[in-house]
Structure formats: C-alpha cells, structure tokens
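Notes to accompany the following structure.
Here, residue 1 is the first one in the sequence, and each next residue gets the next number.
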Amino acid sequence: MGDMSMPQPPLETLEVVDLSLGWSFKRTDDVGSNSWSPVRRIPSTVQQDLIDNKKLKDPFIGFNEIKAEWVGLKSWTYRTTINRPHIPPGAKAVLVFEGLDTFAHVKLGGKSILKSDNMFLPHRVEVTEILQSGGSNWELEIEFESAFLKAREIRDQHPNHKYICFNGDSARLAVRKAQYHWGWDWGPLLVCAGIWRPIRLEIYAVRIADLRADVEFSHDYGIATVQATADIQGHEGCQILDAKFTVRRGDQVLCSTEAEVSPDGKAFGKMQIQDPELWMPNGYGGQTLYEVSVAVVNDGLTLHSESRRIGLRKVELVQEHDSHGKSFYFRINGVDVFCGGSCWIPADSFLTNVSRARYRAWLELMVPANQKMIRVWGGGIYEDDAFYEACDELGILVWQDFMFGCGNYPCFPAMLDSIEAEAVANVRRIRHHPSLVIFAGNNEDYQVAESAHLTYDYEDKDEQNWLRTDFPARFIYESLLPRVSAAEAPWIPYHPGSPWGDGKISSDPTVGDMHQWNVWHGTQEKYQIFDSLGGRFNSEFGMEAFPHLATIKSFVENEADLYPQSHVLDFHNKADGHERRIATYLVENVRTATSLEAYIHLTQLIQCEALMFGYRGWRKQWGEDRHCGGALVWQLNDCWPVTSWSIVDYYLRRKPAYYAMARVLAPVAIGVRRSHHDWSVTHAREPQTQEWELWVVSSKLNDIQADVEVKFVSVETGREIKDKIVKTGIKITANGTTEVLKGLIDNVHQEPHILAARIWIDGELVARDTDWPQPLKYLGFPSRNVQVKVLDNEMHVKVERPVKCLVFEEREGCHLSDSAIDVVPGDDQIIRVRGLKPGDAPLNWTYLGAGEQ
C-alpha cells in the first residue's frame, strides 16, 4: 500500500456538470403509470410546469387564480438522472442547490442527502462516496411538501407566539419563503414550489469558496486601496498553494499581487489603484466597473479562479441632527444625492419566468425617468444576480430589505439559525455590487408591532429580554442582522427597518424613513397636500391606477366584462376597499366617466397628479437643509396583470405617472404652485387671494445661470389674463433649490387660470411646469383644438386652449420621450417616438375632457 501521507496531485480545473435538463415531475401522491410529466427546463416552478403540460390554466387570466389554489396544497416530486462522472483521485463531487422552494427532501440513489426548509438558503452537499459506488447512473429526486400546509403546522408547534400580519395567511410568518406567494394587496395567492434557482454538480480538489473586496479611499479619492480576501476549500491536499490577485479595468491589468494560502485556507491581497474612476449614480457621473480576481496556483498550474465585478465608491447614510430633526440621505463619493426612485416587487408570481433580458428591460426604464434608487421590498426575494448587475451598469442605487414583510415574526432557535445562515449567504452573494447602498432589516414590521400594541421598549437594551417579549423579532432587526452586515459588508450602511424612526414611532416625520400612506390608505388626505405629509425620507407612498386597455384585455376573457366595475376587473385588484378609494379620488377631482377607456385615463391621470404633487414638493425640500432625502414610489412594477400602484404595468407599459415623475426628477426642474385650498369645506366662495410661488431645483454640482418665465393663462379662452413675468440671468444653486418668485392670485376678480412656468439654460428650453385651479372637476375643457402632427419620428403638439394630461398610446415596441403632458397655447411641444415603423398608424391620444364639445 502506498504512503497515504503523501499529498495527492490536485485536479487541474473545477468541472461543472449542468443539471438544467432531463427532469420530470409529478404530484407526489399520484401513482398512475402516466403520472410523470416532462419539465421544460430547470429552474422552474410547479405552476408553470403544469401550464406547460396543459394541466393548469393560466392563473393570470380571468378567475383562474382560484382554480390554481389546489397546486399549493399538494406535494410535488421532481427527478432526473445523474450519469457516473469521472472523479480524479483527491477530488470531491458536490451537488450545489442555489435555491429550493421551500420544504425540500433530496435523495440521490435512494439515499437522503438533504432536507431544506428555507427558500433563500443555498446548499452544497458532498456526494463523492455515492457517485463512486457501484452503478453507472443515479436518480436525483426532490420532493417538495406544501409550504402552505407546513406553515400552519409550524405555527401550531409554537402557539405562544402572536402571529399578526398585514396581508396573507399569518402562518406565512413561520416559513422562510417569499411572503408574497401568500397573496398581497397587489398580487395573487399562488403558493409556489420547485427548483427555483440552478442545480449543478461540481467536481474539484481545490475551490475558491468566497472572494471579498474591501475598498478604502484616500481623503481626496486619488487612491483606492482594494483589500481582497479569498477563502479556499480543499487546500489541505496540497503542500503549497499560492493566490494571485488582480485588478482589471476592461482588458487592462491595473495592479496585482501574490500571497501564500494560509493553513486555514485564507489568502489576502492588497492593491492600490491610482486616480480611480469612481462609480456614480446615473446623472452624476460614470459607472466604471473593475474586476477583482483571484487564481489559486500550485506549481505554476491554475487550479481555480474567481472574480467579482466592483465599482469604486464610498457610500454614507447621513443621519445628523438639524433644524428639521435628524437627517436621512445618501452621500456617494462625497456627493449628496436626492434619491428619487421606486420600490420593487418580484417581477412575476412565477420567478423563473423573469429572464435576464426582462430584468434589464425593467431597470432600463428608470434611467430616462431620472430615477436614482430602487428599493427591493422585504416580502419578495433577494434578487437574481442579473438584477444587481443591471443596476451596477445603469447607475441605479439599490436599497435592499432583508426578507421580512408586514408581520410579527417568531424567533424560536431553529428559525434564528436559519435566518442567520440566510443572511450570511445572501450578503456574501451581493455585497460586491457598487449599486448596493443600504441594508434594511424588514418592511413595516415595526408598524405591525405598533398597530397591535406589542411590547417594544426602546430603552431596554438587553437583547435577551427582546426574545421574551411578544415582539421577539426586534432581536433579528437590531442584533442578528446588524451583526451579520457589519461582519460581512461593513461598507454598506444598515438600517433596522423600513420604516424605522430610530426608536421613535415609525411614522415620526422628523427622523428615519417613513411610509406615507395617508393618501390612499389611512386618513385618505387629498393628494394636493402630499408633500406636507412627508418625512426625512419617504420610502413608500403611492396612488392606484388602472393598467392600459391592452393589459386589461389580456386577462378579460369575455368582451362583456370590459367595463370599469366588472367582476373580473375587481378581482384583478387586490387592494382592500379599492372600489371606494378609487371612486373617492375620482369624484373629488375630476368629472367621472363610465366607458372603460375614459375611466382608465381618469384613474391614470389621478395617479399622475398625485405622484407629481408628492415628488415635486419633496424634491423642493431637498434644498431646504436636506429636509427630505428621497422619495420612492410604491411601486415600479407588477407581478401579474392587475390594477395596482405600479407606474409601469406587468407588460412594461408605462402609465402616465412614469412621465410625470421623470419631469419632476429631471436634472434641472422648475416648479410652480398656488397654496392649497380645501374645497371640501362649506364655503360660499374661495378665499379672495391665494399665494403662489416658483422655484428651481437642480442636481447639477455647479451653480448655473438660467432664465425663467411664468405666464397666467385662462383655462377657458387660452389668453393670458395679465402680463407674464420674466427673470433672466438667475443663479441656480448647485444640488439644491432656488426660490425665484412669489405672488398673489385674486380669486374674485381673476378668471380661473393656470400658472405656466418655463426655464431656459444657455438658450435651451429645459423644463416646464403648470399649476391648475383645484379641483379639476370644476373646470370645463371644450374646444381645446389639439393638433398632433407626425413628422418622421416626432409628434408636434400645439393647442388653442390649455390641455391637461395629453396621453399618447403605449404601443408595444414604441418608446416615447414624454407623455401625460400639459400644453398651453404658444408653447408647442415635440414628442420623440422610437420604434414606430413606416406605414404604422399614428399613436392614439387623449386628454382630460377630450369628449367635451
């Protein structure tokens, strides 16, 4: 027998066997001879596999969601065959499961190798011995139990906990699974199961398990120091292993270093980059990306290599006491950034249907809309790598919630262990992305605790006491997760929750972030005062609107149901009380309609106006000692065709609000408004006078010169009721707000009129804004005489009288430079169209009051 103490020669490369094809599945209790059905490809989800095999109708159509509920109550089994691989001496074979949804029992060759109960936790299982036993192939089988039923079983095992939540069955809180699968106020109840992320077989002797890159800057950002750390597995079989670290920009090697792998499998490399190109959010600079790589070498032979794509940037969450309370805003590479943007939910109820291209298409929408931040909401998933990679490339900042949403989560020991492993794995996976600028512990869990009057004594700093209260999850958000974040990614700020008031009530407007839902939910305030309801950072707010007609037709099976209050349209709106709330905002503000197309336009106009009032006012506050640090609309996207708060519907059709946000968040934007008058009180007439003001906001980092104008235009005739005001050579403050004009409106002697403001920089018209008398329902819009002339890829728009919310058709394949515009006489506008082919019919359009004569 040979000397077993001699080291074995290492395997030269890490071999990967793809296991995406050759699968079949069945309902576990189905023992029929034809029970197995083919799976198109892994990853997949059981509902989609059933649809592919014509065993389930599309749950997105009509009332089919109800007919699909049985799927989530059954167990499902998937299987494939693994052929005998070549495993060289000294190597090992490992099955890698990146994501199993959720209660999965894995067998290989009839032997149990894994039991998993956390959808968010990847697994690595060594199977060398099994694959080296007799035989030429082995069956890999995975059984998925019903997460819906298992959740209730686990809940019943811990009866002392108070299972309280907003949305969905409260048993969901006992399961580490995407919470929106239990249904939400914008999504269907479709409890999925399956292999939702890739599976592969790896064969190797030496493997780089992790590569971490910490970056520090000199005080002037002239030098970036990259401290790379590699964690190597399988090093025990080699006498000498070296690690070669390299930093590249494109094909250019900027710096490199070598280090010996330590006995505990660690290697460290420190490299300096002179005059680094900093990664900045879109609109503030470039998004240069660098590659940090490491290769493990033995006697000149590379055994394995890994790389991470990083951006050189420093992020600070600025929380300082000031005249408004305590600030909350982001500073990137020393630059204060107003974070106007959106919240993100999973892009499909069936996650495996979201391709890399679809992720890119969604996120690309944000750049022309001048949005800087996307918030990954805590009731969904830690997103796919493609999501973060697109954000890196596009310059979109990512607010990342941990996956806890709207509930009082239990903290029994097995749950805490699972959460910690989940947090470590996912922070390690995504921490290198320069777009990632904050981790937040949860979504609205403190609000749940407040509303249910759970025990929460901020002055109690004993962590073990927290676990003994009826709000034990405080331990997760204020102890477990911050410890993981500090250990694994100390350069990314951590925030205990969204919203979180630094120990005060979560709706405190003077500190932390807040979710402002007193428009739509809560007290249902008028949207015209949205900005007065905000806080230091408004990380949720919104207004519902119907999707486009083409989207509605995609799920309405019978043409007779194409009216605003049909059963199927109501079914495709999951918000509590949506009928009353949509109706309330319509009847308060506009003259209602009964035809579906007109009704769609009115709901979209209301959303457009509401979000404009919020964003416009909060961005103005940015320049008022950083009173407001950002605003993230609920929500960017949908997971199925539905009426919701999204500004872009499931098929990526932009709603009018998308364009209104883009204008308000432009690099330089002008704002004009009169003081709000509450018309709901029983006055015989409006106050005789109202104040008006005009301002300019700029994200430019240098002061600029500008000319501004405000006109006073009759709604009825289109004539100017008095001389316009022009100011030239105004100094516009960098990265802030410049107050320009103030005045009074005489409501007795002056007819109803709009304030129409414009701004020019170097002779170029760069922004407009209008302020209309409120509510719009008191105004008539006959004889607007709108003209839209198509010239090549442009639409030239002119009017004889002021027009409110001129909206163009959202046709598939077409992209508009603007829409939902207000147009005044003498200010013709040009809309550029991309994707309209020669011979195509012109885009349809409409506006408020288009049917009036």
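Residue Gln565 qualifies as open at atom CD: its count of foreign heavy atoms under 6.0 Å is 12 or below. Environment of CD in Glu716: sparse, with no more than 12 heavy atoms of neighbouring residues, nucleotides or ligands closer than 6.0 Å. Asp576 CG: 12 or fewer foreign heavy atoms inside a 6.0 Å radius. Residue Glu597 qualifies as open at atom CD: its count of foreign heavy atoms under 6.0 Å is 12 or below.
Between Arg673 and Asp531 there is a salt bridge, with a side-chain nitrogen of the basic residue lying less than 4.0 Å from a carboxylate oxygen of the acidic one. Ion pair Lys655/Asp649 not flagged as a salt bridge, since none of the NZ, NE, NH1 or NH2 atoms sits closer than 4.0 Å to an Asp/Glu carboxylate oxygen. Electrostatic pairing of Arg356 and Glu389 counts as a salt bridge here, judged by a charged N lying under 4.0 Å from a carboxylate O. Ion pair Lys777/Glu588 not flagged as a salt bridge, since none of the NZ, NE, NH1 or NH2 atoms sits closer than 4.0 Å to an Asp/Glu carboxylate oxygen.
Between the side chains of Trp399 and Asp401, at least one donor N or O sits under 3.5 Å from an acceptor N or O. Between Thr352 and Thr45, the side chains place no donor N or O within less than 3.5 Å of an acceptor N or O (distance only, hydrogens not considered). Using modelled atom types and a 3.5 Å distance limit, the side chains of His815 and Arg654 yield a donor-acceptor pair. A donor atom on one side chain and an acceptor atom on the other are found under 3.5 Å apart for Asp513 and Ser539. In this model, a donor atom of one side chain and an acceptor atom of the other lie less than 3.5 Å apart for Tyr359 and Glu383. Judged by distance alone, the side chains of Glu544 and Ser644 never bring a donor and an acceptor atom under 3.5 Å apart.
Of all heavy-atom pairs between Ile831 and Phe808, the closest is CG1-CE1, 3.8 Å. Across Trp640 and Pro59, no two heavy atoms sit closer than the pair CZ3-O, 4.2 Å.
Tested against Asp769 for a salt bridge (Lys or Arg N to Asp or Glu O under 4.0 Å), the candidates Arg616, Arg758, Lys711, Lys620 yield a single pass: Arg616.
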Check your understanding: Given the rule in the ring pair (Phe, Tyr, Trp, His ring centres under 6.0 Å) test, do Phe530 and Trp618 qualify, once you have shown the distances and angles that lead to the verdict?
Key -> CA-CA 9 Å; Phe530 230 147; Trp618 289 326; 5.5 Å; yes
Exercise for review: Start with the C-alpha distance between Arg40 and Asp49, add both sets of side-chain angles, then the distance that settles salt bridge (charged side-chain N to carboxylate O under 4.0 Å, His left out), and finish with yes or no.
Suggested key: CA-CA 7 Å; Arg40 180 176 45 177; Asp49 294 333; over 6 Å; no
Practice item. Test ring pair (Phe, Tyr, Trp, His ring centres under 6.0 Å) on Tyr651 and His548 and set out the steps. Key: CA-CA 9 Å; Tyr651 295 105; His548 288 286; over 10 Å; no
**Study point:** ring pair (Phe, Tyr, Trp, His ring centres under 6.0 Å) between Trp634 and Trp184, intermediate numbers included
**Key:** CA-CA 13 Å; Trp634 186 268; Trp184 223 263; 8.9 Å; no
Identify every side-chain donor-acceptor pair in residues 601-615 under 3.5 Å, counting partners at least two apart or on other chains, and give the distances.
{"residue": "His601", "atom": "NE2", "partner": "Cys805", "partner atom": "O", "Å": "3.3"}
{"residue": "Thr603", "atom": "OG1", "partner": "Phe546", "partner atom": "N", "Å": "3.0"}
{"residue": "Thr603", "atom": "OG1", "partner": "Ile600", "partner atom": "O", "Å": "2.9"}
{"residue": "Gln604", "atom": "NE2", "partner": "Phe546", "partner atom": "O", "Å": "3.0"}
{"residue": "Gln607", "atom": "NE2", "partner": "Met543", "partner atom": "O", "Å": "2.9"}
{"residue": "Gln607", "atom": "NE2", "partner": "Trp645", "partner atom": "O", "Å": "3.2"}
{"residue": "Gln607", "atom": "NE2", "partner": "Ser646", "partner atom": "O", "Å": "3.0"}
{"residue": "Glu609", "atom": "OE1", "partner": "Lys804", "partner atom": "NZ", "Å": "3.4"}
{"residue": "Glu609", "atom": "OE2", "partner": "Lys804", "partner atom": "NZ", "Å": "2.8"}
{"residue": "Tyr615", "atom": "OH", "partner": "Gly341", "partner atom": "O", "Å": "2.4"}
{"residue": "Tyr615", "atom": "OH", "partner": "Ala631", "partner atom": "O", "Å": "3.3"}
{"residue": "Tyr615", "atom": "OH", "partner": "Val633", "partner atom": "N", "Å": "3.1"}

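Here the side chain of Arg768 pairs no donor or acceptor atom with the backbone of Asp822 at under 3.5 angstrom.
In this structure Phe555 satisfies the ring pair (Phe, Tyr, Trp, His ring centres under 6.0 Å) test together with His572, sequence neighbours excluded.
Phe338 and Trp622 have perpendicular rings, their planes meeting at more than 60° on a 0 to 90° scale where under 30° would count as parallel. Taking the six-membered ring for Trp and thresholds of 30 and 60 degrees, Phe781 and Trp772 have ring planes inclined between 30 and 60 degrees apart.
A cation-pi contact links Lys574 to Phe571, judged by a cut-off of 6.0 Å to the six-membered ring centre and 45° from its axis. The cationic atom of Arg358 (NZ for Lys, CZ for Arg) lies less than 6.0 Å from the six-membered ring centre of Tyr650 and within 45° of the ring axis.
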